[in-house]
There are 2 protein chains.
Amino acid sequence: MEAEQPARRPGGRTARVRAAVHEAVVDLLREEEWGDLSIALVAERSGVHQTTLYRRWGTLAALIDDVVTERLTRSSPVQDTGTLRGDLEAYAVQVAEDVASPLSAVFLRAAMVGTHAEGGEPPRQIYLLERGVQLQAMLDRARDRGENPPTLLELLEVVLAPLYFHVIFFNSPAGADHARGLVDRLLALTAST
Amino acid sequence: MEAEQPARRPGGRTARVRAAVHEAVVDLLREEEWGDLSIALVAERSGVHQTTLYRRWGTLAALIDDVVTERLTRSSPVQDTGTLRGDLEAYAVQVAEDVASPLSAVFLRAAMVGTHAEGGEPPRQIYLLERGVQLQAMLDRARDRGENPPTLLELLEVVLAPLYFHVIFFNSPAGADHARGLVDRLLALTAST
DNA sequence: AGCCTAACGCAAAAATACTTGCTTTAAATT
DNA sequence: AATTTAAAGCAAGTATTTTTGCGTTAGGCT
């Protein structure tokens with residue numbers, strides 16, 4: 001045989017541990033405060049020993065980084081309600097809810113100059129791109145139905161930006177009603193054009 | 001005399017220490033890696049004893065929070081051009097520029113991480129409180145002139161939020177033209193009401 | 001089925017981070 | 001300029017976090 005690497009072993013148990021740990025991180029991030037998260041907590045919740053966490057990930061930041069990159073590659077669906085307003089409202093309300101958990105704060109942080117990925121630098125923009133494509137598809141559907149949709153940029157600026165803004169600066173999420181209000185504003189914008 | 005409070009003493013030395021610490025934090029934030037920042041480092045750089053940092057700020061997050069709040073309220077003062085549109089455009093363009101500096105990105109990140117009030121203190125969520133007062137004054141001026149200004153919330157959502165959004169998600173600041181376009185959008189909103 | 005060893009669990013040690021009691025400095029008050 | 005006492009300094013604690021050495025478990029291989 002030629003030059004062998006240490007011969008990793010990513011099979012059964014290792015994968016199981018990884019899954020348990022990831023799940024614990026996401027769960028804790030959903031309920032607990034950001035600052036309260038710690039290696040010790042993740043260990044307790046996941047049933048995986050602290051030592052393992054330290055040996056496999058080294059630091060909490062690296063672990064979170066791992067979790068985030070994994071989840072970012074999974075796209076969550078934009079639904080099709082049949083009308084532009086319906087689609088937009090469903091999306092806006094969904095984001096308003098999602099954005100309330102510390103989990104999204106982490107995503108946010110990762111999105112803007114993410115933490116340091118040790119080895120390769122996995123593309124984070126892909127998430128935004130993918131999501132952007134989905135939203136664009138939603139707008140295209142509306143156009144195909146004969147509606148007069150806004151541009152993607154307008155959607156992002158008028159609806160999405162304020163939702164994130166609320167969380168970052170007011171530290172409180174916008175409610176569903178407020179989210180729908182933003183959609184109103186967006187639609188009013190295109191109606192007058 | 002009636003019930004006296006502990007009688008604070010914010011004078012000379014205290015202010016000096018505070019200034020030294022703030023300067024150290026900003027410097028370190030500029031050069032050092034994000035995660036490397038620690039109470040110990042700030043203490044060493046500023047020449048202020050660790051104990052003082054712990055006693056005055058409690059945690060690193062609270063300290064950063066303090067620094068960020070201060071700097072955010074200092075930057076981009078609101079000017080009086082005589083018309084609502086003029087004021088808004090001046091402000092929007094100014095923010096678009098400010099937000100382009102690399103240090104702002106750091107502060108933004110810090111803002112997201114730093115905001116969690118430890119026991120006792122009311123949540124210092126609103127970094128823009130002071131700024132909000134200034135902006136409200138600007139809107140009030142417009143109303144006094146007989147113009148029909150938007151609400152503060154509308155201003156924040158329609159103009160400010162997208163400016164920050166650009167930096168965070170597109171990783172590039174909005175140009176002056178774009179900033180003015182946002183002001184147009186805001187004014188169109190109130191015109192139609 | 002049996003061997004080899006990567007990956008995990010455990011407990012104890014090492015390293016950091018934070019707190020506490022007391023002393024010293026200097027802002028404010030008289 | 002003397003007095004008072006918040007706020008800072010210091011050093012010695014306590015607590016928490018991270019590392020380390022070694023025994024155990026269970027993938028992957030023949």
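Protein chains get the first letters and strands the later ones, always in sequence-line order, with residue 1 at the start of each.
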*Calculate, to the nearest 0.5 Å, the distance between atoms CG and OG1 belonging to B/Leu186 and B/Thr151 respectively.*
8.5 Å
*Drop me the distance from B/Tyr54's OH to B/His49's NE2, to the nearest 0.5 angstrom.*
10.5 Å
*What heavy-atom pair brings B/Val159 and B/Ala92 nearest, and what distance separates the two atoms?*
CG1-CB, 3.8 Å
_Counting only heavy atoms and a strict 4.0 angstrom limit, can you tell me which residues of residues 17-31 of chain A come near DNA chain C?_
A/Val17
_Heavy atoms from C-beta onward define the side chain here; which of C/dA7, D/dA6, C/dG9 lies closest to that of A/Val48?_
C/dG9
Which pairs would a plain distance check flag for residues 20-27 of chain B, meaning a side-chain donor or acceptor within less than 3.5 Å of a matching protein atom at least two apart in sequence or in another chain?
unit_1	atom_1	unit_2	atom_2	d
B/His22	NE2	B/Asp66	OD2	3.0

*asked:* Under a 3.5 Å distance rule, please check whether A/Thr52 uses its side chain to pair with a backbone N or O of A/Val48 as donor and acceptor.
replied: no
d([atom1], [X]; [atom2], [N]) in whole Å:
| X | N | atom1 | atom2 | answer |
| --- | --- | --- | --- | --- |
| A/Leu53 | D/dT19 | CG | P | 12 Å |
| B/Glu44 | D/dG9 | CD | C1' | 17 Å |
| A/His49 | C/dA12 | NE2 | P | 11 Å |
| A/Arg16 | C/dA7 | CZ | P | 14 Å |

_Check: B/Tyr164 ring centre within less than 6.0 Å of A/Tyr164 ring centre_ = no
_Under 3.5 Å, is there any donor-acceptor pair linking the side chain of B/Arg13 to the base of C/dA26?_
no
*Global bending angle along the helix from C/dA1-D/dT30 to C/dT30-D/dA1, which compares the axes of five pairs at either end, to 10 degrees*: 50°
*Under 4.0 Å between a Lys/Arg side-chain N and an Asp/Glu carboxylate O for A/Arg185 and A/Glu154?*
no
Show the atom names and distances, to 0.1 Å, of all donor-acceptor pairs under 3.5 Å that link a side chain in residues 175-182 of chain A to residues at least two apart or in another chain.
unit_1	atom_1	unit_2	atom_2	d
A/Asp177	OD1	A/Arg180	NH2	3.1
A/His178	NE2	B/Glu157	OE2	2.5

*With the sugar-phosphate defined as primed atoms, P, OP1 and OP2, and the base as all remaining atoms, what B/S/- string results for nucleotides 16-22 of chain C, 5' to 3', for protein heavy atoms under 4.0 Å?*
-SBBBBB
*For residues 76-92 of chain A, which residue pairs qualify under salt bridge (charged side-chain N to carboxylate O under 4.0 Å, His left out), counting only residues two or more places apart or in two chains?*
A/Asp80-A/Arg141, A/Arg85-A/Glu89, A/Arg85-A/Asp184, A/Asp87-A/Arg141
*Any side-chain heavy atom of A/Phe165 within less than 4.5 Å of one from B/Leu156?*
yes
*Establish, with yes or no, whether the OP1 or OP2 oxygen of D/dG9 is under 4.0 angstrom from a side-chain nitrogen or oxygen of B/Thr52.*
yes
*Heavy-atom neighbours of A/Glu44 CD exceed 12 at 6.0 Å*: no
